[in-house]
Amino acid sequence: MSDINKKQDELIEEFKFFDDWMDKYEYIIEMGKTLPLIGEQYKTEDYIIKGCQSRVWLHADMKGEHVHFTADSDAIITKGIIALLIRVLSGEKASDIAKADLYFIDKIGLKEHLSPTRSNGLLSMLKQMKMYGLVADSKGLVDG
Amino acid sequence: MEAFDVDTTSMKNRIGERRKDFPILQRQMNGKPLVFLDSAASSQKPDVVTSAIKSYYDKTHANVHRGVYQLSQEATDAFEKSRATIQSFINAKHSHEVIFVRGCTEGINLVASSYGDAFIREGDEVIITTLEHHSNIVPWQMVCEKKGANLKVVHVDEAGEIDLDDYKSKLSSKVKMVAVNHISNTLGTINPVKQMIDMAHELDIPVLVDGAQATPHMKIDVQALDADFYVFSGHKMYGPTGIGVLYGKEHWLNKMPPYHGGGEMIKTVTFEKTTYNELPFKFEAGTPNIADSIGLAAAVDYIGEIGLDVISEHENDLLNYGTDLLSSIEGMRFIGTAKAKAGVISFLVGDIHPYDIGTLLDKQGIAVRTGHHCTQPLMDHYGIPGTVRASFGLYNNMEDLDRLYEALTRAVNILS
Ligand SMILES: Cc1ncc(COP(=O)(O)O)c(C=O)c1O
């Protein structure tokens, strides 16, 4: 759990530098470029999370009790926000991901992107990420 | 002649002052003064509208049409006066041809359901076009499915204009209804509805016009159009949400069964048989939205005072100015380039996603809409996921468009 929170606190620190919204978004877009991209073979209907506004693809891999995510989106701001979520959650223990309280989203002012009415696929993606954590944890999916 | 010219010019100059009638436009968004460019989704309200509603509740409210006491009579008079205001706004022949509904969507559903019940049979056809809003698609799909009828869709060309040859070829004795948008909310195309109505009437086919985007923009005369049904929403024409109008020709409305059952719409009720009230009450089951009908009438008076000719000229100026300004942005692609257009600019820039542009405009205080604008089949027609749409109201000015241009330039720099 503390690893997730440590990474969240780091992000909050990083975002403190920006007092202009546009600078903040430029940084988010930059972060999008570091996103571990989903393999082309997974960019299919099975892995898509459809929002009305933008689309998101998500794939999860288990390594031991840790979950690794890859993803992509057709909108680059959405992609940047996914990169933040992945930075915080990916590589963590399934049980920790399932329980994670992602307070950094609100703290850095991105809550609107995860509102149910925004319909950009992000909220459903986050639910999906937690679901992977939950399922992996309960099935004891440990192959290492 | 000259005096007339001077008059409209001064009116035009004065329209700029109307902005201050809209308190919400004083707001700041993300630390920047709000530039509101989403009136096609819903317009803002002048204070005369909100104060008319408040005054009604403070001084006149009681339930209508059934009280013996003075207050109820006053409320009934106010409600029926709103109806008369709407009647003259669209030049309906009779006030009972004006049915109050919740909005355009409810009006279309009412007609699809009631007219459909009475007149649409298996194998019949209903004609719509590619540029319809979902609310002028889905109700017709539902009635077609229920009745075993077929929906025919008239093509739209690359500019966003309805293909009248295709329309003509689809008209036949099997067609029981034509339902068409007056002004496209996504493209701004002003459709040739008068011509389409005349063509349908040659085969005695009735026409429903979805006037959601037209009533705030141009003078509507339902008799001159000879429309059989005309529907619109109050909230898109500076009036309140939750109120709209279905205009229907008396002879059609009389032949259609009621839509909802309940109070107000009946004459006598026994458990064996109920007889229905006359128009317009037959279609207004339950306590109506009295307060918002009064707000809508206030909006109509407000528009009337400024003049729809002045408003549409102003919006045209904005359209031309905005189109010129935005066309200098590299990669700018306008979606909808019809010759006759209302105050809507839909666009994409290069391959930047509309959501990204919308988000960065919002952060600079600019409110635009992004996405498919409830016209998914039209987006499929263009092969795009959506657009960014800036749409105008009477309160917008050139400065708003300058702000849009600056903010868009900045967004595009970051995004490309
Ligand atoms: C052309 C058109 N038709 C119908 C509607 C539906 O109107 P309402 O949601 O007020 O019922 C809209 C609103 O977006 C519209 O633009």
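Quick note on labels: first sequence line is chain A, next is B, and so on, each numbered from 1.
- Under a 4.0 Å N-O distance rule, the pair A:Lys7/A:Glu10 does not qualify as a salt bridge.
- Contacts between A:Ile76 and chain B at a heavy-atom distance below 4.5 Å involve backbone atoms as well as side-chain atoms.
- Note on B:Glu406 versus B:Arg403: no salt bridge recorded, every NZ/NE/NH1/NH2 to OD/OE distance being 4.0 Å or above.
- With a 4.5 angstrom heavy-atom cutoff, B:Leu415 touches chain A via backbone and side-chain atoms both.
- Centroid-to-centroid, the aromatic rings of B:His372 and B:His134 come within less than 6.0 Å.
- The two atoms that bring A:Leu85 and A:Met125 nearest to each other are CD1-CE, 3.4 Å, heavy atoms only.
- Your options are A:Glu26, A:His113, A:Met22, and the one with the most heavy-atom pairs under 4.5 Å with chain B is A:Met22.
- Heavy atoms closer than 4.5 Å to chain A are found nowhere in B:Asn413, neither backbone nor side chain.
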